[in-house]
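For reference, the structure is listed below as structure tokens.
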Amino acid sequence: MTLEHFPGIARLQFDPTPAVRSIAQCRPRFHHYNPSEIVAGRSMQDQLRFAACYWHTMRNGLGDPFGAATAQTPWDDGSASIENAKRRADAFFEFLTKCQIGRWCFHDRDLAPEGQTIAQSERNLDQLVAHVAQLQSATGHRLLWGTANLFSHPRYLHGAATSPSVDVFLQATAQVRKALEVTQALGGEGYVFWGGREGYDTLLNTDLARERAQMARFLHIASDHAQSIGFTGVLLIEPKPHEPTTHQYDSDSEATLNFLREFGLFGRFKLNIETNHATLAGHSMQHELAVASAAGSLGSIDANMGTSGLGWDTDRFPTDVMLTTEIMLAVLNMGGLKQGGLNFDAKRRRASFEPVDLFHAHAAGMDAFALGLKAAARIRADGRLHEFVRARYESWDAPLGQSIRAGQLTLAQCAHEATKVAVVAPASARQELLESIVNDIVFTSDR
Ligand code: XUL
Ligand code: CO
């Protein structure tokens with residue numbers, strides 16, 4: 001890593017002084033993210049466990065269905081050579097260091113070019129893995145998770161594990177076996193399964209029952225393999241309802257947890273929840289996190305956000321502080337991210353094409369999460385929400401409520417108890433008051 005791929009950009013520092021008035025003079029820095037500052041008992045960097053993703057940061061030229069790539073990437077000659085792939089990795093690790101992002105995530109094919117054969121693809125990947133292993137030890141950055149790209153190559157046009165062709169299923173197993181092994185070699189804390197084409201475009205040509213069973217078989221043998229090689233990272237499934245498919249089988253947290261239970265996979269996988277996927281599913285991020293967390297299955301987070309009213313996975317950087325507050329509240333409530341992290345699965349807008357925009361974009365997301373973390377910690381310290389929810393269910397903690405919860409009363413016995421209740425007096429849920437309390441805490445700093 002001798003060359004400076006981002007000349008003129010200094011390591012970002014925490015600098016809370018007010019921004020200079022001229023946007024042209026703004027240098028990337030953190031206004032709120034102060035890595036060593038203790039919030040809720042831990043340093044911000046340990047609470048937030050930021051990761052940057054290789055696919056958007058290094059491999060997304062910012063093209064869209066209507067126009068060509070715009071991103072300026074002077075380190076990339078556009079070739080599929082190993083040299084170019086290594087130079088890209090150098091640029092990425094320089095970016096991580098300058099942006100103070102401790103972790104990263106990748107797909108096998110982001111990192112190294114696919115070859116003509118499985119063996120050639122594996123040799124290419126091995127060369128890049130050796131290179132990034134050196135970069136990891138030189139910089140101290142760690143791999144949050146790895147994954148296999150089972151959706152870009154034309155062979156996966158009908159799906160990978162759910163393909164109607166067993167040959168395609170086999171190709172996918174070869175790719176996942178290798179991706180799991182290199183993730184382990186790089187010390188990955190997790191491994192993600194995102195089934196980009198594991199769904200259908202039309203039911204006219206689809207045997208849904210068969211495809212779901214194939215997907216379950218795939219996850220069984222993949223998790224068996226992870227176990228057999230002694231992989232200690234967490235296995236994650238990333239739900240998404242659609243795009244590119246019309247329907248993806250692991251469409252949201254509830255559907256995915258149900259899928260895992262139906263096929264005897266519950267407990268082997270946790271969920272990697274992505275904000276924009278929640279939006280596409282018609283849910284809030286808060287809902288997806290609450291469902292995963294309630295099942296003890298919230299593993300990690302892909303941090304981004306969508307654009308309301310747009311039916312696309314726009315993967316914007318998460319700059320909405322109410323959103324980051326809700327996310328961090330869910331995270332603090334479950335006792336921290338553990339082996340998971342906040343992976344910026346996010347891309348700049350097509351018109352933010354300069355290398356410096358990569359820094360501005362990540363810093364904006366990191367600052368929004370720093371604010372969200374502090375606000376979530378204040379909400380917990382304030383205690384009013386927690387106390388309100390506790391009091392709302394109080395009757396269930398009295399002896400009768402406890403016996404019902406413990407399964408000690410039949411329906412007839414419950415009905416008999418009902419006759420003893422003189423007046424049923426519902427209490428107000430006070431939603432608007434609670435929303436106002438949250439606003440007050442979030443937008444009034446250090447209260
Ligand atoms: C796609 C998506 C993926 C996964 C990894 O919407 O989120 O990038 O995070 O395959
Ligand atoms: Co994602």
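Counting convention: from 1, in listed order, for ligands and their atoms alike. Not measured: the values here are computed from a predicted model.
- Residue-ligand proximity, Lys240 to ligand 1, at heavy-atom distances under 4.0 Å covers atoms 6 (O).
- Taking the Co ion (ligand 2) as reference, Asp302 places its N/O/S atom OD2 nearest.
- Here the heavy atom of the protein found nearest to atom 5 (C) of ligand 1 is His107 NE2, 3.3 Å.
- Under the 6.0 Å cut-off for aromatic ring centres, Phe151 and His107 qualify, their centroids lying closer than that.
- Ring pair Phe193/Phe218 is perpendicular by interplanar angle, where above 60° counts as perpendicular and below 30° as parallel.
- No hydrogens or angles considered: a donor-acceptor pair under 3.5 Å links the side chains of Asn124 and Gln120.
- Annotation: Asn272 places no N or O atom under 3.5 Å from an N or O atom of ligand 1; distance criterion only.
- A perpendicular orientation is assigned to the rings of Phe344 and Phe369, their planes being inclined by more than 60° (bins at 30° and 60°).
- Heavy atoms of Asp313 approach ligand 1 to within less than 4.0 angstrom.
- Not a single heavy atom of Glu243 sits less than 4.0 Å from an atom of ligand 1.
- Atom OD2 is the N, O or S atom of Asp345 at the shortest distance from the Co ion (ligand 2).
- Its N, O or S atom nearest to the Co ion (ligand 2) is what matters here, and for Glu238 that atom is OE2.
- Numbered from 1 in the order shown, with element, the atoms of ligand 1 that lie under 4.0 Å from a heavy atom of Asp345 read 2 (C), 3 (C), 4 (C), 7 (O), 8 (O), 9 (O).
- Looking at Glu189 and Arg49, a side-chain N of the basic residue comes within less than 4.0 Å of a carboxylate O on the acidic one, giving a salt bridge.
- With a 4.0 Å cut-off on non-hydrogen atoms, Asn149 does not touch ligand 1 at all.
- Across Thr70 and Arg350, no two heavy atoms sit closer than the pair OG1-O, 2.8 Å.
- Taking the centre of each ring, His5 and Phe92 stay at or above the 6.0 Å mark.
- Remark: ligand 1 atoms within the under-4.0 Å shell around heavy atoms of Asp302 are 9 (O).
- Among Trp145, Trp55, Phe151, Trp194, the residue whose heavy atom sits closest to atom 1 (C) of ligand 1 is Trp194.
- A centroid separation of less than 6.0 Å is found between the aromatic rings of Trp75 and Phe6.
- Here Phe259 and Tyr249 keep their ring centres 6.0 angstrom or further from each other.
- Contact annotation: Asp315 places no N, O or S atom under 2.8 Å from the Co ion (ligand 2).
- The N, O or S atom of Glu274 lying closest to the Co ion (ligand 2) is OE1.
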